[in-house]
J.: 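For reference, the structure I am asking about is given below.
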There are 2 protein chains.
Amino acid sequence: MDERVPRDFETLRSTILDRRESLPKRIAQIAAYALDNPDDIAFGTAASIAASAGVQPSTLIRFAQQLGFDGFTSLQQVFRERLRERNSSYDERLQALRAKAEGGAGHRAIFDGFVAAASTSLNDISRTLDDAHLEEAISLLAKAQTIYVLAKRRSYPVATYIAYALGKLKIRNQLIESAAGLNAEMVAFATPADAVIAISFSPYAPATIEEARTISEQGVPIVAITDSSFSPLAQFARVWFEVAEADFAGFRSLSATMALAMALTVGVGEKRRDASRKRKA
Amino acid sequence: MDERVPRDFETLRSTILDRRESLPKRIAQIAAYALDNPDDIAFGTAASIAASAGVQPSTLIRFAQQLGFDGFTSLQQVFRERLRERNSSYDERLQALRAKAEGGAGHRAIFDGFVAAASTSLNDISRTLDDAHLEEAISLLAKAQTIYVLAKRRSYPVATYIAYALGKLKIRNQLIESAAGLNAEMVAFATPADAVIAISFSPYAPATIEEARTISEQGVPIVAITDSSFSPLAQFARVWFEVAEADFAGFRSLSATMALAMALTVGVGEKRRDASRKRKA
DNA sequence: GGCAATATGAAATAATAATTCCAATCCATA
DNA sequence: TATGGATTGGAATTATTATTTCATATTGCC
């Protein structure tokens, strides 16, 4: 009796694709419709779906039965479950994946974990980001002669991406690197007409904090990306963003920070373009 | 007659929260349940929801009516619409956001765009990543004496993150940087007992390609992350991953690449730990 | 504490939706 | 082209589900 009924959407999908060739015309029609409009199947009634797909309700039921379900209703469950899954709080998924990875569930689980951590962080930041802060930060940076970019260690990749993007947008910028130990000198060049993007997360790299302090004492405005209001960076900053990145296997995601960094960068680019257009006009 | 019925979930949510104080006990109970378990409202029947929330079906309907709906069914629509929205293919959202940003819709739209691009990319890669490739790449890298990390320009941030993570995991690695123009010499040190992670996307940085070629001619195995099978990197690589990153405002996301990079790094770390444990036993 | 207004529970009813059934049609094969 | 089997359409039937109703309980107010 066990006809191996597909219980999850992906299985169902591949079952349908496998059999596609051998299905009768109308059944194939509803099959195609189902894969193209899974949401409609999840929410519609047999009658409404059948109408949209251009078949009779009975065909829809036959389709379900041919797949081994005992009726439309149980087929629909699979489509609903899919929406639930997709939507199930990433937090929960992340927990589950962490447990799985702990148990040594293989490398795919690790990968899934990083994807989930990134997604969680992105969700989080789009909920919590304050538009006013974003505007403020962009205005501040757009006025700067040179934008200094300050970040070490884990945040360093973000700094390099900002520097790359600013360069592509032809915005003068300076990455504060430690290669030659000339940071102090580099920092000394900054004036109140410039601005800084500083990024640091707990445990805050002491060098970043020190440089941020020095530079803020020179009167250079700082836009900070950090992880809590207790962050030492927050106190030096003119504008600061709190970004909570989820972690997995001991490494925090960077996806939210990256998204914010890009928004700042491109935002500055646009603002400058607008400003120069006005000046010309 | 227009009672200003909440038409979208967020409006509904705030309406409920506003009135919370003034609602009768049972109605408040179902109200709280609805906000806590929106998915159940979307999918359940009046009876099943009422049971889960510990009230009568009629209460559920009264709740809906008090909010201005004419019955449970229309209230449910809002909860369903929410799932649809949330789930509406990120691609579509991205399109919409791109159009919005083009039209000069402000900096929030830009930010949302980068978030959407990152999410799309993550979705994409979790669908397309091949487990076998992942295993293969990790085994290959785990055997290496030194892991060389090769990436420029846009991919460079990923390289710095990999280097940072490998360092934290105490895995010997060498970032191939161009600072002193010593890349050629650095590359010359690599032997077949080492391995390379190379990352490059179109337009492929010529230096990356050249270095990859040289190093592969020395017999050093390469794991490549790139964006198509036509990529020149693919031909030098022992294992390669195709990562399709969505772009926004002219900049591609890095989120999928980052997730993959982290999975490789941490995967290698685990594999080594397992191997050394076995050796000891 | 008594009264009216409001809220709640439970079952009856109405509505809506899924499923079944049968006749008509299509299609492959001899 | 005739014939049997599979497929389809459409209406009838059955099932499920939302809604209404009314009796009962609770609450606030004088």
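Proteins get letters first, then strands, A, B, ... in listed order; numbering begins at 1 in each. Keep in mind the model is a prediction, meaning the values are calculated, not measured.
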J.: Taking only the side-chain nitrogens and oxygens of A:Thr59, find out if one of them lies under 4.0 Å from OP1 or OP2 of D:dT7.
T.: no

J.: Output every pair passing side-chain hydrogen bond (donor to acceptor under 3.5 Å, both in side chains) with a member in residues 47-62 of chain A, not counting sequence neighbours, ordered by first then second residue.
T.: A:Thr45-A:Ser48

J.: Hey, what's the ring geometry for A:Phe251 with A:Phe114, parallel, tilted or perpendicular (30° and 60° as the breaks)?
T.: tilted

J.: If the threshold is 4.0 Å, N to carboxylate O, is there a salt bridge linking A:Arg13 and A:Asp18?
T.: no

J.: side-chain hydrogen bond (donor to acceptor under 3.5 Å, both in side chains), that's the test. Do A:Thr120 and A:Asn123 meet it? Break it down for me.
T.: CA-CA 5 Å; A:Thr120 308; A:Asn123 269 353; over 6 Å; no

J.: Taking the six-membered ring for Trp, are the ring centroids of A:Phe72 and A:Phe63 within less than 6.0 Å of each other?
T.: no

J.: Are the side chain of B:Thr11 and the backbone N or O of B:Arg7 linked by a donor-acceptor pair below 3.5 Å?
T.: no

J.: What's the angle between the local helix axes at either end of the helix from C:dG1-D:dC30 to C:dA30-D:dT1, using five pairs per end and rounding to 10 degrees?
T.: 20°

J.: Report yes if some heavy atom in the side chain of A:Arg154 is under 4.5 Å from a heavy atom in the side chain of A:Leu254; otherwise report no.
T.: yes

J.: Table please: side-chain donor-acceptor pairs of residues 231-242 of chain B below 3.5 Å, with sequence neighbours left out.
T.:
| residue | atom | partner | partner atom | Å |
| --- | --- | --- | --- | --- |
| B:Ser231 | OG | B:Thr226 | OG1 | 2.8 |
| B:Ser231 | OG | B:Leu233 | N | 3.0 |

J.: Does any residue of residues 22-37 of chain B have a heavy atom under 4.0 Å from DNA chain C, and if so, which ones, in number order?
T.: B:Pro24, B:Lys25, B:Arg26, B:Ile27

J.: Please identify each residue that fulfils salt bridge (Lys or Arg N to Asp or Glu O under 4.0 Å) with B:Asp247, with sequence neighbours left out.
T.: B:Arg98

J.: Has B:Gln66 got a side-chain atom pairing as donor or acceptor with B:Ile27's backbone, closer than 3.5 angstrom?
T.: no

J.: For the pair made of CZ in B:Phe63 and P in C:dA7, what is the distance, rounded to whole Å?
T.: 14 Å

J.: Across nucleotides 11-25 of chain C, 5' to 3', mark each nucleotide with B, S or - according to how protein heavy atoms within less than 4.0 Å reach it.
T.: ------SSBBB----

